[in-house]
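Right, one structure below, let's go through it.
A, B, ... follow the sequence lines: proteins, then strands. Residue 1 opens every chain.
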Amino acid sequence: MPELPEVETVVRGLRASLPGRTILDVRLGKTDFIDDPAALGEHLPGARIAGVTRIGKFISIELESRAADGPRQIPTLMIHLGMTGRLRTCDPNDPIAPHTHSFFGLDDGQELRYTDIRRFGRILLVPASGMSEFQGQLGPEPLEISREDFCGKFHSREARIKAMLLDQRVIRGVGNIYADESLFRARIHPARIARSLTRAQLIALHSALREVLTAAIRLRGSSVSNYVDSNGKKGEFQQRHRVYQREGKPCTRCKTPIRRIIVAGRSSHFCPKCQAAPRNSGKRKAARQR
DNA sequence: CTTACGGCCTGGGTGC
DNA sequence: TGCACCCAGGCCGTAA
């Protein structure tokens, strides 16, 4: 699943070919994952790609009108890959992969294609006037937030730490893989209530998150469920996973079998020995059953 | 207000 | 060979 490191890898790949290109035409297949399909055909043809950046898990393709068109506001093309989305440029004559639903013809003869098996992704246009609201719905970038601000986000919250890491309004870009991996490295159980964590633990989590994300970007992301970057290349960070999808396998630190439980409605992988369970989790469970 | 939880979208993989 | 079932991430409605 594309999370921050995978999206960053895709963005870096696209940055090599897209900026400066002009979009000539738009062809759409299924459109149920596009906020306003008609708007794409309205705004994109003739627009030049000014830059490609990442905003959390979104790929942001900034557009500008060509000089001949005169000044005209062009919205930003925002693409979220969901679980199975792929975005890549290719030759228009290349065979069309199954579940390819959007085609953007470019002025260098290449074609930008969006493929998404499950269509959990999303494509939308954000006008310049809506960018601050769009950004405002997301928390800070985990690689940019300071240690102090990070601790401040969690120290008074009653929610589970895993749920908060996944909440894009708290921190943007983190998904299930990097939440589990950073919690393991910080030795924090995913079901711990954020408020109950010590300052030292929050600092450790901040560092672990930075280290995991940085290492994953360096290895071009994690390839699970067929993720590939904009060049069709697989990432390598999945080989460094210590808990994610390693249920039953020995902890790399203490050999205890890794466990999987559901926290915040998500599979959560952890070492029951290295990541101590919340103090009264047993009592709570018993009370609920009664 | 905050948090928890279930359901929904879709289709590949699994197991019978 | 078919087919029921599980699961994934984000989002939304509802309940406490």
Side-chain angles (χ1 to χ4, degrees), chain A residues 1-8 10 29-37 54-59 78-87 97-102 114-124 126 133-139 142 152-183 189-197 216 221-228 234-235 238 241 243-248 259-269 278 280-281 284-285 287-290:
Chain A
M1 305 111 242
E3 302 179 22
L4 188 154
E6 292 77 29
V7 178
E8 179 66 27
V10 171
K30 291 188 178 175
T31 58
D32 55 355
F33 59 96
I34 302 176
D35 282 27
D36 184 354
R54 179 185 59 73
I55 301 177
K57 299 183 198 173
F58 284 89
I59 296 163
M78 212 66 82
I79 299 175
H80 194 297
L81 301 176
M83 290 177 59
T84 53
R86 291 187 192 184
L87 190 63
H99 309 290
T100 300
H101 304 298
S102 310
Y114 180 73
T115 305
D116 191 347
I117 297 172
R118 307 253 159 99
R119 303 205 300 285
F120 281 15
R122 188 178 169 201
I123 295 181
L124 69 157
V126 180
E133 191 200 342
F134 181 86
Q135 296 255 15
Q137 291 167 349
L138 299 169
K153 291 232 168 238
F154 296 92
H155 86 279
S156 64
R157 294 283 300 270
E158 200 62 40
R160 290 175 174 147
I161 188 67
K162 171 75 182 268
M164 289 197 68
L165 287 175
L166 295 179
D167 188 339
Q168 301 298 297
R169 296 167 299 184
V170 177
I171 295 282
R172 64 192 188 204
V174 179
N176 215 26
I177 297 173
Y178 300 102
D180 282 3
E181 291 298 321
S182 54
L183 286 169
H189 189 286
R192 289 287 301 274
I193 300 299
R195 189 170 59 87
S196 79
L197 297 172
S222 302
S223 279
V224 298
S225 78
N226 299 324
Y227 158 79
V228 289
K234 286 188 172 189
Q238 67 279 7
H241 291 177
V243 288
Y244 187 76
Q245 287 192 344
R246 291 194 67 242
E247 183 181 15
R259 286 196 56 200
R260 181 175 75 96
I261 59 172
I262 302 297
V263 178
R266 293 282 171 262
S267 274
S268 300
H269 311 75
N280 48 16
S281 66
R284 234 181 253 161
K285 216 179 278 172
R288 215 178 296 142
Q289 278 168 2
R290 231 182 301 129

Provide, to the nearest angstrom, the distance between the [atom1] atom belonging to [X] and the [atom2] atom belonging to [N].
X         : N      : atom1 : atom2 : value
Ile262(A) : dA8(C) : CD1   : P     : 6 Å
Arg169(A) : dG9(C) : CZ    : C1'   : 14 Å
His269(A) : dA8(C) : NE2   : C1'   : 11 Å

message: For Arg169(A) and Asp167(A): C-alpha separation, side-chain torsions, deciding distance, then whether salt bridge (Lys or Arg N to Asp or Glu O under 4.0 Å) applies.
response: CA-CA 5 Å; Arg169(A) 296 167 299 184; Asp167(A) 188 339; 3.0 Å; yes
task: Check whether any side-chain heavy atom of Tyr178(A) sits under 4.5 Å from a side-chain heavy atom of Glu6(A), and report yes or no.
output: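 Side-chain contact under 4.5 Å: yes.
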Anything under 3.5 Å between a protein N or O and an N or O of nucleotides 4-7 of chain C, put it in a table, one pair a line.
none

message: Strictly below 4.0 Å: does His99(A) bring a side-chain N or O up to OP1 or OP2 of dG12(B)?
response: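 Affirmative; the distance criterion is met.
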query: Would one find a side-chain N or O of Arg119(A) under 4.0 angstrom from OP1 or OP2 of dC9(B)?
result: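 Answer is no, no contact under 4.0 Å.
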Contact nearer the 5' end of DNA chain B, comparing Met164(A) with Lys30(A):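 Nearest-nucleotide comparison on DNA chain B picks Met164(A).
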What nucleotide among [options] has an atom nearest to a side-chain atom of [X]?
X         : options                  : answer
Lys57(A)  : dT3(B), dA4(B), dG10(C)  : dG10(C)
Arg122(A) : dA4(B), dG12(B), dC11(C) : dC11(C)
Phe120(A) : dT3(B), dG11(B), dA8(C)  : dA8(C)

